[in-house]
Amino acid sequence: LTDAEKQLLTGDAALSSGRIRLEIYKRYLRHMNLTGHTLKEGYFPITEDYHAWHAQNLFLQVSFYHGVPAGICFVLLMLALGIYYLRLAICGKHREDILPLLVWLLFVGFGMLECVWYLGQSILFLMYLMPKILADSKDSIL
């Protein structure tokens, strides 16, 4: 860590969840590279009593641990899925065609403020279930 990163948030800044989150984002962004990092390289001290164990943002998390090219690919994949699910919701022939879009919105919305890419979490399961629902659809919109 650089000298600036060894300085911990103190006083009012150490009590502000918004300031802490911003500091976490800054530290993860500063350490981005092309090849990614090991798990232990992402443990940043933020205050005297708090270490950031993850990036608090799904897209930063993927980019930090797997490298910037993987992060870009992940963002593009999520955008493509969002567009596809939106088209399915608008043009689909069945009521349940809106479900993939709702799960995508939940995943991306929550992922902007937290890491949702952990085994055992239901949102991860649902992200893998959506392609099955689409594959079973008899009417294709594309």
Side-chain angles (χ1 to χ4, degrees), residues 1-92 94-137 139-142:
L1 297 176
T2 66
D3 288 338
E5 289 165 342
K6 289 179 186 173
Q7 291 181 336
L8 303 177
L9 293 179
T10 59
D12 289 341
L15 300 175
S16 167
S17 62
R19 182 70 177 97
I20 290 171
R21 188 174 296 270
L22 192 60
E23 189 65 27
I24 292 169
Y25 292 166
K26 285 179 189 177
R27 292 189 187 193
Y28 276 88
L29 282 168
R30 270 190 229 123
H31 287 86
M32 294 269 181
N33 64 28
L34 295 176
T35 59
H37 296 275
T38 65
L39 189 60
K40 289 186 179 185
E41 291 175 308
Y43 298 160
F44 295 111
I46 304 298
T47 70
E48 188 174 311
D49 298 322
Y50 177 73
H51 278 72
W53 301 107
H54 56 79
Q56 301 288 324
N57 178 294
L58 176 63
F59 301 99
L60 281 177
Q61 183 86 6
V62 170
S63 298
F64 180 82
Y65 284 110
H66 302 288
V68 172
I72 291 169
C73 288
F74 183 66
V75 168
L76 292 175
L77 172 66
M78 292 309 295
L79 284 173
L81 282 173
I83 291 167
Y84 181 80
Y85 293 157
L86 179 62
R87 288 185 66 201
L88 180 67
I90 293 170
C91 302
H94 308 286
R95 285 186 301 224
E96 62 272 10
D97 289 340
I98 196 169
L99 289 176
L101 179 63
L102 295 176
V103 171
W104 182 88
L105 286 169
L106 179 66
F107 183 80
V108 171
F110 187 72
M112 294 301 290
L113 298 173
E114 188 58 63
C115 291
V116 293
W117 201 262
Y118 289 115
L119 296 177
Q121 291 184 336
S122 59
I123 191 67
L124 181 60
F125 171 74
L126 291 173
M127 282 302 291
Y128 284 110
L129 183 64
M130 287 304 113
K132 173 69 174 138
I133 292 171
L134 291 175
D136 287 346
S137 176
D139 301 323
S140 177
I141 62 166
L142 298 178

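We use all heavy atoms of the structure for the numbers below, so side chains are in, but hydrogens, waters and symmetry mates are not.
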- Message: Applying side chain to side chain contact (heavy atoms under 4.5 Å, CB included), can you list everything that pairs with L102, at least two apart in sequence or on another chain?
- Response: I98
- Item | Those residues that, when tested against L29, pass side chain to side chain contact (heavy atoms under 4.5 Å, CB included) (two or more places apart) | M32, L60
Do any side-chain atoms of residues 63-77 form donor-acceptor pairs under 3.5 angstrom with protein atoms, and if so which ones, sequence neighbours left out?
residue: S63; atom: OG; partner: F59; partner atom: O; Å: 3.0
residue: Y65; atom: OH; partner: L39; partner atom: O; Å: 3.2

- Task: Output every pair passing salt bridge (charged side-chain N to carboxylate O under 4.0 Å, His left out) with a member in residues 10-22, not counting sequence neighbours, ordered by first then second residue.
- Result: R19-E23
I'd like to know if the side chain of [X] and the backbone of [Y] have a donor-acceptor N/O pair within less than 3.5 Å.
| X | Y | result |
| --- | --- | --- |
| D97 | A89 | no |
| W104 | M78 | yes |
| Y28 | G42 | yes |

- Item | Nearest-0.5 Å distance, OH of residue Y50 to CG of residue L8 | 13.0 Å
- Which value, rounded to the nearest 0.5 Å, describes the distance between L22 atom CG and I46 atom CD1? 10.5 Å
- Query: Going through the distances and angles, do M112 and N57 end up as a side-chain contact (heavy atoms from CB on, under 4.5 Å)?
  - Reply: CA-CA 5 Å; M112 294 301 290; N57 178 294; 4.3 Å; yes
Heavy-atom closest pair, residues [X] and [Y]:
| X | Y | answer |
| --- | --- | --- |
| A14 | I20 | O-CD1, 3.3 Å |
| I24 | A55 | CG2-O, 3.7 Å |
| Y25 | Q56 | OH-O, 3.4 Å |

- Query: Quick one: side chain to side chain donor-acceptor pair (under 3.5 Å) partners of H37, sequence neighbours excluded?
  - Reply: N33, E41
